[in-house]
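Okay, so here's the structure we're looking at.
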Protein chains: 2
Amino acid sequence: MPTSKDVAQVAGVAQSTVSYVLSGKRPISEKTRKKVEAAIDQLTYQPNAGARALASRKTRVIGLVIPFIPELEMGSIMEFVSVIASTARQFDHDILLVTDDEGAAGLRRVVGQQICDGLILMQVEDEDERLPVARSLNVPVVLIGIPRDPSGLVCIDADFEMAGEHCVRDLAAVGHSVISVIDWQPAVMDRHVNYVDRFLHGTDVAAKALGVTVLHLPGGTDRATISESVDKALASTTGKPAFIAPDRTIQDILRRILSSRGLTLGLDVSVIGSASPTLAELQPIPLSTIDLRPAEVSRRAVKIMCQLLEADSQGPHESLELVPTVITHRCSTLRPQ
Amino acid sequence: MPTSKDVAQVAGVAQSTVSYVLSGKRPISEKTRKKVEAAIDQLTYQPNAGARALASRKTRVIGLVIPFIPELEMGSIMEFVSVIASTARQFDHDILLVTDDEGAAGLRRVVGQQICDGLILMQVEDEDERLPVARSLNVPVVLIGIPRDPSGLVCIDADFEMAGEHCVRDLAAVGHSVISVIDWQPAVMDRHVNYVDRFLHGTDVAAKALGVTVLHLPGGTDRATISESVDKALASTTGKPAFIAPDRTIQDILRRILSSRGLTLGLDVSVIGSASPTLAELQPIPLSTIDLRPAEVSRRAVKIMCQLLEADSQGPHESLELVPTVITHRCSTLRPQ
DNA sequence: GGGAATTATCGATGCGTATCGACGATGCTG
DNA sequence: CAGCATCGTCGATACGCATCGATAATTCCC
């Protein structure tokens with residue numbers, strides 16, 4: 001592998017000049033710049049990351065802490081990961097994976113060894129054991145998700161409360177007076193990711209404001225639980241029933257149960273689910289969905305991180321950013337009168 | 001951040017002694033070791049990764065090249081990524097993400113800058129533009145998937161041919177004489193990942209050996225295509241029909257179509273799909289599946305990589321490892337007579 | 001008990017880059 | 001044309017660790 005010294009020799013300049021050509025931190029004459037660039041091309045020189053990190057105290061690597069093999073929601077997690085990695089490259093950074101089975105020790109490790117300049121944490125829970133560590137590390141940390149106590153932390157997430165509100169408003173607007181919200185599956189509820197509470201709270205706020213009734217019914221991955229929830233919903237509804245089912249696993253089961261009861265989506269009953277646009281379109285009756293915008297959340301998380309890194313910020317920062325969600329009405333909700 | 005020099009000072013030894021305590025490459029007396037370890041604990045010292053990489057010419061980082069936001073199969077890709085990251089840690093390595101939108105240049109970059117000691121490529125296609133680069137890089141590369149010409153490359157994948165054979169054998173054994181194989185969805189077929197061909201070839205081999213008929217029918221993500229394929233299958237079958245549908249998206253549609261025709265899985269018709277055990281169990285009629293063992297493939301890929309790194313192998317290596325697949329018969333296939 | 005063979009530790013050097021101070025060359029001002 | 005600021009480049013040094021050769025301390029054997 002060629003080094004900057006080799007480049008310097010070929011170009012007939014000093015090594016430091018090569019370094020300045022690359023960084024642009026000192027003026028370089030056009031003539032010298034050309035010579036150096038030619039030498040770089042000729043040798044296909046690429047700077048050594050380790051040496052660069054050692055000298056500059058910056059690795060240009062961001063650690064991404066991914067949840068530990070959750071089985072559920074793997075698809076959506078991958079969307080975050082993928083977009084985060086791509087976006088990081090746009091800011092000339094790379095992504096190092098830190099799996100959550102290493103726990104808080106993993107965070108200390110990658111920061112302590114200075115493998116990373118900062119950390120992005122996914123799937124932050126209400127009371128997360130990683131938070132005290134995150135606060136104590138003297139590198140920037142960006143959380144995707146909002147813990148109960150976000151003080152001293154930089155957080156970003158979809159605006160779940162607005163999402164809940166928006167769903168209820170839209171369903172009320174097309175004439176529903178009783179709206180049933182099916183919980184996420186128990187595995188998610190048990191984890192106390194607080195977006196669930198924020199979403200449900202949003203539905204309640206809208207219900208109160210509009211004078212409609214919102215029922216909260218248990219979700220599950222088995223047909224029986226959902227079936228029971230549907231029964232309860234139908235029993236307490238006089239007009240046409242409406243369902244909000246943000247958990248992807250659940251919405252499939254729900255659709256089948258409704259259709260087996262002879263209810264046609266968009267005609268006898270409204271359903272709002274959550275899925276990427278492409279997935280929603282694939283359904284026999286294209287599903288009206290609330291888009292929680294994982295790609296946008298991911299992009300912004302990286303952007304915030306890179307700004308913090310650039311600012312070279314020492315002191316603890318604190319901020320909270322909510323990404324607006326978007327409802328798309330397709331064919332599974334009643335049409336406006 | 002404390003350095004090994006600080007540790008040395010606290011322990012009252014030379015910096016090199018600290019280094020030897022950590023690496024174990026020279027004998028150290030019990031007394032000195034204790035002193036050094038105490039100093040390390042006291043200072044919570046962690047070695048600097050950049051300096052270590054610079055001096056040792058090893059980063060202990062493996063680059064993982066992930067497919068570019070494929071939308072399809074994101075869940076299963078995440079399973080690979082997650083297991084690969086965990087396994088790498090067991091070998092005391094870390095994983096750096098390289099997204100495929102950087103293309104072959106991305107590979108050259110991370111290797112050229114010596115951010116990584118080696119590369120794992122996912123989703124290798126039949127004629128992959130990354131292969132010539134992979135061959136020319138002088139670091140170990142492990143492919144997950146098998147290209148048309150694997151010469152000079154180290155490959156690992158599930159044994160798709162055996163999987164195809166196995167499916168046909170088992171269906172023939174319970175009395176099916178005509179077996180329909182539904183292709184993967186067009187998006188996958190178009191990508192020329194060759195596991196598709198290997199699987200289909202396996203079904204043909206078994207069919208020839210057993211004297212049964214195998215039909216290859218087009219797959220799709222829309223109901224119409226699958227419906228048509230089912231029609232064709234039923235038209236050419238005298239006994240009970242049998243389906244093999246390895247694409248997860250397709251198998252759901254297939255199930256619904258069959259049930260809408262009044263065919264009960266495991267009674268009137270056999271279906272073998274592909275899903276993780278947990279997912280398969282969740283279905284109303286637990287699905288018989290062929291397990292392509294993504295976790296095992298991932299683990300072995302990392303293991304092979306770490307062996308190559310340890311061997312410090314210079315010359316080009318070549319190997320091909322196939323991971324046996326496993327069929328689990330649940331309730332969607334006929335019972336043996 | 002003296003010399004050889006071990007064992008345990010130290011000091012010095014190199015890895016490849018960033019960056020600081022210095023210095024010669026150039027342009028400008030009066 | 002003397003004096004001074006500006007521009008462009010160089011040389012030297014530091015970053016933190018691994019590693020090699022050398023040295024000091026200990027043990028062993030005849």
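Numbered from 1 within each chain, the chains take letters A, B, ... in sequence-line order.
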Qualifying residues under salt bridge (charged side-chain N to carboxylate O under 4.0 Å, His left out), relative to A/Asp100, sequence neighbours excluded: A/Arg130
Distance-only donor-acceptor hits, side chain of residues 33-40 of chain B, under 3.5 Å, sequence neighbours excluded:
residue, atom, partner, partner atom, Å
B/Arg33, NH1, B/Ile28, O, 3.2
B/Lys34, NZ, B/Glu30, OE2, 3.3

Value in whole Å for how far the C1' atom of C/dT17 lies from CD of B/Gln113: 13 Å
For DNA chain C, the residues among residues 1-13 of chain B that have a non-hydrogen atom under 4.0 Å from it: B/Gly12, B/Val13
Nearest-angstrom distance from the residue atom CD1 of A/Ile40 to C1' of C/dT17: 13 Å
Note: B/Asp117-B/Arg60 ion pair, threshold 4.0 Å (strictly below): no
Whole-Å distance separating the NZ atom of B/Lys35 from the C1' atom of C/dC10: 13 Å
Candidates A/Val65, A/Ile77, A/Ile144 - the one meeting side chain to side chain contact (heavy atoms under 4.5 Å, CB included) with A/Gln123: A/Ile77
Distance below 4.0 Å between A/Arg57 side-chain N/O and D/dG16 OP1 or OP2: yes
Atom CD of A/Gln46: over 12 foreign heavy atoms under 6.0 Å: yes
Pairwise 5' ranking along DNA chain C for B/Arg33 and A/Leu54, keeping only the more 5' one: B/Arg33
Counterpart residues, salt bridge (charged side-chain N to carboxylate O under 4.0 Å, His left out), relative to B/Asp157 (two or more places apart): B/Arg198
Interatomic distance, B/Lys31 NZ vs C/dT7 P [rounded to whole Å]: 18 Å
B/Arg89 vs B/Asp94, salt bridge (Lys or Arg N to Asp or Glu O under 4.0 Å): CA-CA, chis, key distance, verdict: CA-CA 6 Å; B/Arg89 282 306 307 146; B/Asp94 276 295; 3.8 Å; yes
Quick test: give all pairs of protein nitrogen or oxygen and nucleotides 18-21 of chain C nitrogen or oxygen below 3.5 Å, distance rounded to 0.1 Å.
residue, atom, partner, partner atom, Å
C/dA18, OP1, A/Arg52, NE, 3.3
C/dA18, OP2, A/Ser19, OG, 2.9
C/dA18, N6, A/Gln15, OE1, 3.2
C/dT19, OP2, A/Lys25, NZ, 3.1
C/dC20, N4, A/Tyr20, OH, 2.7
C/dG21, N7, A/Arg26, NH2, 3.3
C/dG21, O6, A/Arg26, NH1, 2.3
C/dG21, O6, A/Arg26, NH2, 3.4

Gap between atoms CG and C1', on B/Asn48 and C/dC15 respectively (whole Å): 13 Å
Inter- and intrachain pairs under salt bridge (Lys or Arg N to Asp or Glu O under 4.0 Å), touching residues 138-148 of chain B, at least two apart: B/Asp126-B/Arg148, B/Glu127-B/Arg148
